[in-house]
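For this chain, numbers begin at 1 and follow the sequence in order. Worth knowing before you read on, the calculation uses all heavy atoms, side chains too, and leaves out hydrogens, waters and symmetry mates.
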Amino acid sequence: GIEGEYYEKPTTTSWGVLQSMSMSPILAAVIGRRVADVGQFGRVQRSPTQAGFYVGLRDRDANPTRVQKKACREMETFVAQTGVVSDYRETLTRDNFTTFLKKIARDAVTYDQGCFQVVNNHYGKPASFYAMPGASMRLARHDTGLDPRDWEAIRYVQIIQDQVVAQWGGSEFCLGVRNPRTDLNIHGYGFSEVEQVTRVLAGWLFGFEHNNKYFMQGANIKGILNLKGTISQKMLRRFQREFRNLVSGVNNAHRVPVTSADAMEWISLGETNKDMEFNQWMDFLTKLVCAIFQMDPAEINFTFGNTGQGGAMGGEDSVDKATHSKDQGLRPLVEAIFDWVNRFVIWPINPDLELIPAGLTAKSTDEIRTLQEKESKFLKTVDELRAEEDMEPLPDGKGAVILNPTWLQFAQQVEGDGADDEPAEMDTGDLFDPGPEQDQNPDEDGDDPDLIDDDQQPDEDLRRSWAVQL
């Protein structure tokens, strides 16, 4: 058999209790919402409006070569199938990446242990990876110390019925922790949201059960009917039977004790839920649960206003609040899982590639069009926006423009000012050209034709008057 020592997580909340807590109504809604959100990143992204994943270069500034692009596409197929597939029928029994993400996300939120096994080929490279039950995994114990560079040493073990049934080295298994602590007594275990919400959940369950018991037999006695006076036991039993048949609810709920005395009076024994501010108490506990999970209550269909305000969502748009909530809670969870897959699966195969979640803030088609309309007024030309949609530029350069009337007026004004700075040359025709009778060549005596007597020059006043007329 397999022998080994391991560290048990020091906590008052056992693994089984954490699992039971995760199935309570409020936590089932919260965890189910998060798991569904994470599962959306299990497919290759085909549209910018959809969530998914893609494989790119770790160096974001580098331009991938044709070989690198092919390697990225092959790696995307590998991840989507959670490993190498030699026979398509293997995909019928193996988890795809969507299922893998959902399993890991649930364990990461419930136990803060996202665990998966990496199976290497005969070259020592990852060939497949499988999600493992996080509640059964423990950190191996080494009393003599552990060399951090010894990746063949046993680091993780699986416990079933207090027995070690499997063990792995450092490169064969991932035990991901999202909320690490420096406490030496914790031995490296995390602190899950379900464990953090223990006391709040207890109050929520007590309130839920109290209201649930309200409709069960004998759970909530509204009061006592006291009949004052002398009444025979026969008449008392008859009145008691008929009265209870009239007022008892489902499963004999709200049964009223009847006694005999000198007169009839009603003795109230309790307050209503409204008197106890039951709704406000349950709303407060629900908000606390969602706050610990970094989730807006609107994501699980609970819409509240701010304290002291009647307006739903505090006057802020619910879509913006939901987006902000996902940035605070969903993004760290998704990025943590993708980081684990990169470190244990992608980088051992090709250290130049990286698995990247896409669409964490995916926008709808209408939102994208609205954003492009705003960008076209100050940031991008029409041709640049068309290039983002894989469309050809407009003909004759008509798309090289920003759709902003103010900018267009400014551009036209600048062009007009530039034209005024360079006045056009006056066309005087052949006014100052020499006549046909004037010899263009030097005379026979070798005199320069430019040296003409003053009486041969046109009258200066006459020339000026011609220029004015023109």
Side-chain angles (χ1 to χ4, degrees), residues 1-11 13-20 22 35 78-79 81-86 90-97 99-178 180 186-192 194-195 336-337 339-349:
I2 299 177
E3 298 181 357
E5 299 288 338
Y6 60 90
Y7 290 107
E8 190 61 70
K9 184 177 180 179
T11 178
T13 308
S14 65
W15 304 96
V17 171
L18 291 176
Q19 184 180 15
S20 299
S22 67
V35 170
F78 173 84
V79 172
Q81 299 173 346
T82 63
V84 178
V85 175
S86 57
E90 296 181 26
T91 61
L92 302 179
T93 56
R94 177 189 296 182
D95 291 343
N96 57 22
F97 194 53
T99 305
F100 171 85
L101 288 179
K102 289 183 176 181
K103 290 182 177 181
I104 295 295
R106 183 173 294 276
D107 283 354
V109 173
T110 305
Y111 313 109
D112 197 12
Q113 291 195 173
C115 302
F116 60 90
Q117 178 185 359
V118 180
V119 179
N120 297 326
N121 56 22
H122 59 281
Y123 296 107
K125 300 292 183 179
S128 59
F129 52 99
Y130 304 90
M132 300 293 288
S136 64
M137 300 303 167
R138 304 290 188 274
L139 296 174
R141 180 176 179 176
H142 297 270
D143 295 332
T144 59
L146 178 63
D147 186 356
R149 294 172 296 181
D150 186 5
W151 292 99
E152 301 300 327
I154 301 302
R155 294 174 181 263
Y156 311 102
V157 297
Q158 185 177 23
I159 307 299
I160 296 180
Q161 295 181 351
D162 298 330
Q163 297 294 325
V164 178
V165 297
Q167 56 190 14
W168 296 273
S171 61
E172 303 171 327
F173 194 85
C174 170
L175 191 151
V177 175
R178 296 169 44 246
I186 300 301
H187 306 306
Y189 289 100
F191 193 34
S192 69
V194 174
E195 189 174 355
I337 298 176
D339 180 63
W340 300 336
V341 176
N342 279 322
R343 290 165 52 196
F344 286 87
V345 179
I346 305 299
W347 293 341
I349 298 176

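In this structure, Phe116 has its ring center closer than 6.0 angstrom to the ring center of Phe100.
Checking side-chain atoms of Asn121 against main-chain N and O of Lys125 turns up a donor-acceptor pair under 3.5 Å. Within the 3.5 Å criterion, the main-chain N or O of Val35 finds no donor-acceptor partner in the side chain of Arg106. Judged by distance alone, the side chain of Thr13 and the main-chain N or O of Glu195 form no donor-acceptor pair under 3.5 Å. The backbone N or O of Thr110 sits less than 3.5 Å from a side-chain atom of Ser192, completing a donor-acceptor pair.
Using a 30° and 60° split on the angle between ring planes, Phe173 and Trp168 fall in the parallel class, below 30°. Relative ring orientation between Tyr189 and Trp15 is described as perpendicular, the plane-to-plane angle rising above 60° on a 0-90° scale split at 30° and 60°.
Arg138 pairs in a side chain to side chain donor-acceptor pair (under 3.5 Å) with only one of the listed residues (Gln113, Glu8, Glu5), which is Glu8.
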Legend entry - Test log, rule side chain to side chain contact (heavy atoms under 4.5 Å, CB included), inputs Val79 and Ile346: CA-CA 9 Å; Val79 172; Ile346 305 299; 3.7 Å; yes
Inset, instruction - Starting from the C-alpha separation in whole Å, work towards a yes-or-no answer on salt bridge (Lys or Arg N to Asp or Glu O under 4.0 Å) for Lys103 and Asp107. - result: CA-CA 6 Å; Lys103 290 182 177 181; Asp107 283 354; over 6 Å; no
Inset, instruction - Carefully, step by step, assess Leu139 and Tyr156 under the rule side chain to side chain contact (heavy atoms under 4.5 Å, CB included). - result: CA-CA 5 Å; Leu139 296 174; Tyr156 311 102; 3.6 Å; yes
Inset, instruction - Would you check, one step at a time, whether the test side chain to side chain contact (heavy atoms under 4.5 Å, CB included) holds for Thr91 with Asn96? - result: CA-CA 7 Å; Thr91 61; Asn96 57 22; over 6 Å; no
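Smallest separation of non-hydrogen atoms from Val157 and Tyr6: CG2-CB, 3.7 Å. The shortest non-hydrogen separation linking Ala108 to Arg178 is O-NH1, 3.2 Å.
Note that OG1 of Thr99 and OH of Tyr130 are 13.5 Å apart. Values are rounded to the nearest 0.5 Å. Taking CD of Glu90 as the start and CD of Gln81 as the end, the distance is 9.0 Å to the nearest 0.5 Å.
Heavy-atom neighbours of Lys102 NZ from other residues, nucleotides or ligands within 6.0 Å: at or below the threshold of 12.
Pro126 has its side chain within reach of Asn120: a pair of non-hydrogen atoms, C-beta onward, lies under 4.5 Å apart.
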